[in-house]
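For ligands, and for the atoms within them, numbers begin at 1 and follow the listed sequence.
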Amino acid sequence: MPSVAVAVETPRHSSVSGLLDYASEQTLPPGTLLRVPLGRRDVPGLVWERRADAPPPPAELRPVTLALTALPPLGADWRALVDFAAAYYQRGVGELALAVLPPELRKLDDTQLARRLKRLASLQAPPAAAEPPRPELSEEQAAALDVLATPGVASRPVLLHGVTGSGKTEVYLRAAAAALARGEQALVLVPEINLTPQLEARFAERFPGRLLVSLHSALTPAQRLRNWLLAHLGRADLVLGTRLAVFASMPRLGLIVVDEEHDPSFKQQEGARYSARDLAVWRGHHAGVPVLLGSATPSLETWQRVQEGRYLRLPMTQRIGGGAMPRVRLVDMNLLPKTNEERVLAPPLLAAIEERIARGEQSLLLLNRRGYAPVLHCGACAWKSGCPHCSAWRVFHKLDRTLKCHHCGLSERVPRACPDCGNLDISPIGRGTEKLQEQLAQLLPQARIGRLDADSTRGEGQLQQQLQAVHAGDVDVLVGTQMLAKGHDFRRVTLVAAVNPDGALFTSDFRAPERLFALLMQAAGRAGRDAAQAARSEMWIQTWHPTHPIFTALRAHDYAAFAAAQLAERQAAGLPPFASLALLRADARSAEVAAGFLHEASALAQAYAGVTVFPPVPPFVSKVADVERMQMLVESPSRVTLQRMLAAWLPELNAVRSRHKGLLRWAVDIDPLAI
Ligand SMILES: [Zn+2]
Ligand SMILES: [Zn+2]
C-alpha cells in the first residue's frame, strides 16, 4: 500500500519528532489535513513532503484514520513558510503547522467540513456601493506610491518611514487597491487587536464590494475558522490581523503590509516564539510578493538593513493637512524648589495644562504604570506588599481596594493593618495611573479627568466608550499607560506629557532606550494633528536626566540621530543587529535545579565553535507563581553559525533534562526581545 509522510503535533525535541509515515489507499497531496493514529490516540496531522534524505518507510504501517479531502490542501508557499519558521525557531514542523491553524478545524469531519465550505462558497460579497472619493495625495505619498509601482522595486522590503500623521494608511490603501486590481489578495498586519476595528472600517469603506476578513485572537473560534477558510479559499480579498495572521493561507497573496513594524507585540512570547514581522519579510521574499513595513520609529534591525541597502526607505516627513510635530519641552526636576510635598507635576506644566482647559483643548498624561501605587509599605516594621508566589511587589489598586500581582494574577483585599506587626498606618509608595488621576483631581478641581489603561478598559466596549468620550470632548485631561500612545486620532489634543519616563533610562535591557524613544515619539504624535492647533502643541517631559541623548534626539524629532547613536553602541557591545542571540530558559521549583540544567547545557555548548555562551542568570522577575526561572544567553556574530549550533545542540538537551529532577520545562527563544 502507498504511504504518506505526515507532520503531527509533537515538539521538535521530544522522542517522536519529524515526520511519521502512514499507509494510505488514496493518493494524498502534500498539505492535506488528516487524522492519524499515534499511540492509542487519534491526532490531527498534515501530509508533508518526505525529505530527500529520509530513510524509506517501513513495510508495516498503520493506516491513516481519516483524510479531510473536502478542504483544498495547504499550498506550497504556506508549507515553505511553516518549514522555514519551524527550522528557524527550533520547533517541530507539525507542532508549528497545527498551532497556527484555527483550532476549530480539527473538530470537524469531512462531511461537516464540506457542508461548511459549501455555505461559504455561496456567500455573497457585500453589495458594491459607490467608492467614496479618495483623498488627494500629498507629494510625499504620491512619490512613495510612484516608487512602489516601479517594476522590480518590490524585490526588497520597503520601509515606509513616516512621522505620525503623515498618511501611511493612505499609502497602504492605495498599494492594496493596486494588488486587488491585479486579482491578488492583500495581507495587512497590525500590532494591536484594539486597532483592528478602526482599520477594518477604513478598508471596508475604501473597498466596497470586496470581501474583507480579520484574524486575531479576540474572535470566537467559529469566526476565526470562517475567516481563515475565506482567506484559504481565496474568497477574501483582504486579510487584516495581528501577528498570528502572518500564517494565513492566501493562495492569491500579492501584498504584505506590516504597520508599526517596530512594535514588540509582533513577537509571539510563548510556544514558537516567532516574530511576525520577520516572517512577513521572509514570506514576501519567498513568494515574490512586495512587503511594506511602516513606522515612524523603525526597529533598529530594520533601520540597519536600510543602511546596508537591503531594504528600501521611502520617507514621509510632513504631516497631512499642515499639522506639525509638537515642540518638546524638558522639565529639569533637579531645578524645582524643594518641598516636603510629593511633586506630581512641575508648576509650569500644571499651568500649561490649565491653559489648555481654559481654551477647551485636551491634554494627555503618560505614566507607564497602572494601579494606584506599585507597593504598600509599613512604616513601623518595613513590611512591603510582596507577592508570596513571585519575586515582585503586589500593586495597590485603590478603586477596588485590592493588592494585585501583575505577574501571577493573585488578588487579595488590602489588609486593614500590617500583616506582620499590626500597625494600622500602612501607606502606598510611588505612583500609578490611579493615583495620578486622584492627584490631578485635587490639583485641577474644575477639570474632567479620564483614565485609559488595562484596568479601565477591561469590560466589553469600555475602551470604545472611553475613546468616544475623548473624541466628543467630554474629557479635559486623559491619564494613561502606553495605551494612550497607540494609533488614536485625537483632534483636540495640544499637550502630551510624560510624567516620569526616567525608569526606562537605566535598565539592563539593551532595548529599553529604543522602546522609550518609540513610545515618546508615538505619544508626541498624538498632539498637533490639527493644523490650526499645531503651532501651540507641546510635548512635556519631566526628567531628572535632561541631558540624556534620548531627550536631545527627541527634542529635535531626530530619529536618524538617535538610531545612529544606538547602533554605534550596539556594534561596540556586539549586540543585535550586529549579532544573533538565542535565550535558553529553564523553569524549576528551585533556582538551583534550573541553574544546574543550564550549567550542563553550557558545558555541552563548549563543543561548538563561533558562539559565546554567557553564564545562567535569573530574569528581572525571577520567580512567578512559585516557579523559579533562569536563563542563559547564547550569542554569535553569525546568524548561520548560531542556527547550525542550535540545531545540533538543542536535541542533546533532552538527555540532559532527565538528569535534573524537578526541572519543569525548558525552551529556547530565538531573537529574544527582552533579556
Ligand atoms: Zn508592620
Ligand atoms: Zn505573583
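- The pair K435-E438 fails the salt-bridge criterion, with no side-chain N (NZ, NE, NH1 or NH2) lying under 4.0 Å from an Asp/Glu carboxylate O.
- C387 contributes SG and C390 contributes SG; the angle these two atoms make at the Zn ion (ligand 2) is 110°, rounded to 10°.
- Of the angles at the Zn ion (ligand 2), the one spanning SG of C408 and SG of C405 is 110° when given to 10°.
- Protein N/O/S atoms closer to the Zn ion (ligand 1) than 2.8 Å number 4 in this structure.
- Looking only at distances, no side-chain donor or acceptor of R639 sits under 3.5 Å from a matching main-chain atom of A579.
- Looking at R369 and L436, their side chains never come closer than 4.5 Å, going by heavy atoms from C-beta outward.
- Between L349 and Q542, the closest side-chain pair of non-hydrogen atoms falls below 4.5 Å.
- Taking the charged nitrogens against the carboxylate oxygens, R585 and D587 have no contact shorter than 4.0 Å, which rules out a salt bridge.
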Given H397 and H406, is the ring pair (Phe, Tyr, Trp, His ring centres under 6.0 Å) satisfied, shown in steps? CA-CA 11 Å; H397 289 250; H406 290 180; 5.3 Å; yes
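- Partners of R106 by salt bridge (charged side-chain N to carboxylate O under 4.0 Å, His left out), not counting sequence neighbours, listed by chain and number: E9.
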